[in-house]
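Note that the coordinates shown come from a computational prediction; the quantities given were computed from them, not determined experimentally. In listed order, ligands and their atoms are each counted from 1.
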Amino acid sequence: MNFASLITCSGGPMKQSHASKITLSAILPAALMAAVLPLSPATADPVVPAPAEVAAQSVTMDSAVQIASKKIQRDPGKTDVFVNRNYPLSPKKYAPKTVAVKGTNVRLKSSAASAYSKMVKAAAKDGVRIRAVSGYRSYARQAELYNYYTRIYGQSYASKISAIPGTSEHQTGLAIDVGNHNRACGLQACFANTPVGKWVAKNGHKYGFILRYPKGQESVTGYSYEPWHFRYLGTTLAKSYKNSGAKTLEAYYGVAGNGSKNNSDKKSKGTAKTTANLNMRSGAGTNNRILLTIPRGKSVQLTGSKKSGWYQVRYSSKTGWVSGTYLRDVSMPSTTKKKESSKDNKPKSTQSKSAKTTANLNLRTGVGTGNRVILTIPRGKQVAISGSKKSGWYPVAYAGKSGWVSGQYLSGFSDSAPKSKSQKQKSSSKAASKKTIANLNMRTGAGTNHRVVLTIPKGKMVALTGTQKSGWYKVKYSSKTGWVSGKYLR
Ligand SMILES: [Zn+2]
């Protein structure tokens, strides 16, 4: 088996015939995500009177109470089984009975397979050709993949693109990765803007499928945006989910997100203490919904995100925002873990620069409209600026992706923070880049005996990390780091 030809989502592996098309999703730390967290439901958390941060308006009742009473299905044999990192399959090595999806090698449970075929037919009527990319995957197969990614990228990153064995939805036989018939944007964020990506996102629920890892919900689902991964829930539940307005299945069931639940992440978390009964809200500001009230004197975990004086915190298995005015002993989390996967390490002492989009704005892989569109940022959204301007374009992070946008459509720059040393260093290190003069394999080590991570197309700029060995360079490209032969760099 040639691992290099496999891509996985938290989900499934995929064979691609064109190595040059392989681009794994860029992963950025939750700290960079502008996303507003989904509503957490009412819980048994203590309701303490007279919170210090008093909202102008009273709490509005909503469906949250109902949500809280939803039963979480743990039986892996049931269509509504709930699976994520915190809710592994039980038994761990559960193996369903599966059938091949009509006309493919992809296997699913028969209920999901026939629903899927129905969906394919309906899409075809609209002129949209859905391709089945990956379905059921066994525990053993998942273990193989997960170990592979861990070896290459380290556990922290691997766990964002690949499920830990026993926690993959694909093991239930109820999840499928879909693609376009012509493979456009296969397993990439830009898939969302392709005919199949759009059609399934809009219509999938009618056939019982929901988009399981949405954009902007990475900190809740624990996975990068996967517009191709659909989970079969049956039509009743899928419609109920869609109608609930919940952004994730986690939110729908009222369970905490699992974006950074592993122990190594916990160690790097910061903490603070509340100095008053303090409202935790769904966003930074009193206009956001109250999720719960944290009693005075409690310790909260800081996620590392801060916005206009508000901190994103975890408390009692909920994540939300609190006013920094009522926190003391604030120690922000160390960012060492995140640095490996982010081009965007901002200096700890300064707040990140940001701006607002003044139009629906394409985020591209490089400077100029000749580069591929990663996604379209809606007008009026806040984006994090991650480096220095180049020919009028800015490097930005949005919804867990990073890329370039035209500065013409940005306004409201909050760049008052003085340029720190590390920012200067960063821009100078940015200059250290070279161009590929051929389709060039990036490998896990210096030499052709190492595994291929991805193939960098000819004519692309790669960032040099400064490490060099026997004529090979350690480079960064498309949020991956690996080794390429210096012979093909200019
Ligand atoms: Zn998947």
Side-chain angles (χ1 to χ4, degrees), residues 3 5-16 22-27 76 79 81-85 87-89 94-96 98 100-101 104-109 112-113 115-116 119-120 130-146 148-149 157-180 183 185-192 194 196-197 199-201 204-205 207-215 217-218 220-233 238 241 248-250 258-259 400:
F3 271 120
S5 65
L6 288 174
I7 293 186
T8 186
C9 70
S10 60
M14 167 196 190
K15 270 188 200 246
Q16 276 216 350
I22 293 178
T23 312
L24 289 168
S25 306
I27 312 289
T79 304
V81 62
F82 180 72
V83 181
N84 71 15
R85 210 163 282 165
Y87 291 82
L89 285 159
Y94 168 76
T98 59
V101 171
T104 76
N105 301 324
V106 171
R107 300 188 73 84
L108 288 175
K109 257 186 179 166
Y116 173 78
M119 179 166 80
V120 169
I130 307 176
R131 195 171 73 92
V133 174
S134 176
Y136 168 64
R137 185 155 72 231
S138 69
Y139 178 91
R141 180 77 190 106
Q142 187 66 34
E144 207 175 24
L145 282 168
Y146 184 74
Y148 169 68
Y149 284 111
Y157 183 82
S159 68
K160 285 175 187 160
I161 57 166
S162 174
I164 295 162
T167 71
S168 171
E169 280 201 327
H170 283 274
Q171 197 185 325
T172 65
L174 297 167
I176 186 161
D177 298 333
V178 296
N180 287 278
R183 297 172 190 246
C185 284
L187 305 190
Q188 297 176 49
C190 59
F191 172 75
T194 64
V196 171
W199 194 95
V200 184
H205 67 284
Y207 307 90
F209 291 89
I210 66 154
L211 194 156
R212 183 67 178 86
Y213 306 116
K215 182 156 68 174
Q217 301 300 314
E218 290 85 347
V220 178
T221 64
Y223 293 109
S224 72
Y225 177 36
E226 293 187 354
W228 55 84
H229 178 106
F230 286 84
R231 163 64 197 276
Y232 181 67
L233 291 172
Y241 169 76
T248 59
L249 210 49
E250 279 77 9
N258 57 0

Evaluate V83 against L89 for side-chain contact (heavy atoms from CB on, under 4.5 Å), listing each step before the verdict. CA-CA 6 Å; V83 181; L89 285 159; 3.9 Å; yes
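Ring geometry for F82 against Y87 counts as perpendicular: the plane angle is over 60°, on a 0 to 90° scale with 30° as the lower cut.
The N, O or S atom of H170 with the smallest distance to the Zn ion (ligand 1) is NE2. The N, O or S atom of H229 with the smallest distance to the Zn ion (ligand 1) is ND1. Atom OD1 is the N, O or S atom of D177 at the shortest distance from the Zn ion (ligand 1).
In this structure, W199 and M119 have side chains that are in contact, with non-hydrogen atoms separated by less than 4.5 Å.
F230 and F209 have their aromatic ring centers separated by at least 6.0 angstrom.
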